Structures are given as structure tokens and as C-alpha cells.
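Here the structure comes first, spelled out in C-alpha cells, and everything after it is commentary.
Note that the structure is a prediction, hence the values are computed from the model and not measured.
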Amino acid sequence: VTGVQTCALPICGRHVSPDPAWHAFGQTESWAGVRAVVLGFADAGFAAADNLLHLGADVLVLAAPSDREEERADQQEKAELLEVLGARIRLDPAVPAVLPGPPDLPGPPDLLVVSAGTPLDHPLIGEAIARGLTVWSDAELAWRLRPQIGRAQSELQSPMYLVCRL
């Protein structure tokens with residue numbers, strides 16, 4: 001495909017060294033104190049935010065509202081549910097290009113989860129990478145939260161790669 005190249009930038013590898021302890025967390029650890037921003041709010045973004053909330057993370061969802069009335073109603077219903085669970089939801093046509101902090105989160109974010117369908121050239125992704133923030137796709141989060149049955153942790157690492165338009 002002309003103009004599209006695969007970058008050697010693993011989504012799960014964009015973080016400040018040494019790795020924070022929560023990078024090894026799965027579905028059985030408490031994610032209390034981890035501040036996560038979920039970019040996008042279709043089904044995968046909702047699932048990512050819901051799972052992070054159930055694990056104890058502080059969650060902020062940033063997304064543009066759908067153009068379709070039926071989908072907007074669905075988004076609003078999901079937003080109300082997640083807010084009851086403790087998430088902060090910002091459905092705004094102008095999704096910010098700057099990473100949020102207080103008062104939207106108790107401190108600077110630790111993790112940006114990019115939901116399926118979010119353009120990879122979204123400025124928030126670029127800012128997160130530039131600031132050394134951990135950036136995972138929703139698939140990377142799901143992979144890390146899957147049941148781990150009898151495998152060594154070293155066997156469970158599977159890097160995800162960005163496809164960047166250059």
C-alpha cells in the first residue's frame with residue numbers, strides 16, 4: 001500500500017524505563033493507582049474501560065460522540081453505566097490533543113489505551129509517545145488480561161505494532 005509503512009514501534013514498548021510494576025499485571029492483580037485514558041468509545045473502548053474499572057484503575061474515556069443518533073444513545077447509556085462504576089467520560093466532538101491530568105484524573109496518566117477504529121495519527125497518541133507514556137491497543141490490553149494457564153510469563157509477551165502513515 002503506497003504511503004503506509006510498518007513502524008518498529010511496539011505499542012506495548014512505549015514507556016519510561018524501568019518498567020512500572022503494573023506492566024506485568026493481569027486480571028488477578030489490583031490495578032489501584034494506575035491512571036488510564038481510553039481513547040475511543042465503541043464496543044472495544046467500552047470493554048477496555050469496563051475491565052480497567054473492575055481491576056481498580058482510575059479511568060478517563062475520551063471520544064467523539066457518534067454522528068448517528070442511535071449510536072449516540074448507545075454511547076450515552078454506556079457512559080452512564082461506566083460513570084456509576086467510577087469512570088470519567090468526555091464525549092466531545094473535539095477530542096483533546098493534550099493528555100489530561102487533574103481534575104480529570106488524580107494525576108498524570110500512566111496508560112493510554114487506543115480503541116479499535118481510532119485513527120493512528122490522532123494527536124493524543126503522538127503526544128503520549130513523545131512523553132514516554134505507555135500506549136497499548138485495546139487488543140494488547142485484552143491479551144494481557146486473558147487467563148494465564150500454566151505458562152511462564154516470558155512466553156506470554158506478544159508485542160503489537162503500529163502501522164503509521166509516513
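- Residues Pro100 and Leu60 form a side-chain contact, since some pair of their non-hydrogen atoms from C-beta on lies under 4.5 Å apart.
- With Ser115 contributing its side chain and Gly45 its backbone, the two residues share a donor-acceptor pair below 3.5 Å.
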Self-check item: Stepwise side chain to side chain contact (heavy atoms under 4.5 Å, CB included) test for Val59 and Val38
Solution: CA-CA 7 Å; Val59 177; Val38 177; 4.2 Å; yes
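- Atom CD in Gln76 sits 8.5 Å away from atom CZ in Phe41 (nearest 0.5 Å).
- By the 4.5 Å heavy-atom criterion applied to side chains, Arg131 and Leu99 are counted as neighbours.
- Judged by distance alone, with hydrogens and angles left aside, the side-chain atoms of Arg146 form a donor-acceptor pair with the main-chain N or O of Trp143 at under 3.5 Å.
- Annotation: side chain of Arg90 is in contact with side chain of Asp104 (closest heavy-atom distance under 4.5 Å).
- Tested against Ile89, the residues Leu81, Leu62, Leu82 include a single side-chain contact (heavy atoms from CB on, under 4.5 Å) partner, Leu82.
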Exercise. Give the intermediate values and the outcome of salt bridge (Lys or Arg N to Asp or Glu O under 4.0 Å) for residues Asp43 and Lys78.
Key: CA-CA 9 Å; Asp43 292 338; Lys78 289 176 179 177; 2.7 Å; yes
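- Between Leu141 and Ala48 the shortest heavy-atom distance is CD2-CB, 3.7 Å.
- Across all non-hydrogen atoms, the minimal contact from Ala116 to Asp138 is N-OD2, 2.8 Å.
- Between Asp67 and Arg72 there is no salt bridge, since no side-chain nitrogen of the basic residue lies less than 4.0 Å from a carboxylate oxygen of the acidic one.
- With a 4.5 Å cut-off on side-chain heavy atoms, Trp31 and Leu111 count as touching.
- Contact of the Val34 side chain with the Asp58 side chain is not registered, since no non-hydrogen atoms from C-beta on lie closer than 4.5 Å.
- For His122, there are no side-chain hydrogen bond (donor to acceptor under 3.5 Å, both in side chains) partners at least two apart in sequence or on another chain.
- Smallest separation of non-hydrogen atoms from Ala64 and Val95: N-CG2, 3.3 Å.
- Closest heavy-atom contact between Leu124 and Pro96: CD1-O, 3.8 Å.
- Of all the heavy atoms in Leu53 and Gly86, the pair that sits closest is CD2-C, 4.0 Å.
- A salt bridge links Arg35 with Asp110; the closest basic N to acidic carboxylate O contact falls under 4.0 Å.
- Within the 3.5 Å criterion, the main-chain N or O of Ser66 finds a donor-acceptor partner in the side chain of Gln75.
- The shortest side-chain heavy-atom distance between Val135 and Glu140 does not fall under the 4.5 Å cut-off.
- Taking each heavy atom of Glu127 and Val98 in turn, the nearest pair found is OE1-CA, 2.8 Å.
- Taking 4.5 Å as the limit, every side-chain heavy atom of Leu112 sits out of range of all side-chain heavy atoms of Thr134.
- Judged purely by atom type and a 3.5 angstrom limit, Thr118 uses its side chain to pair as donor or acceptor with the backbone of Leu39.
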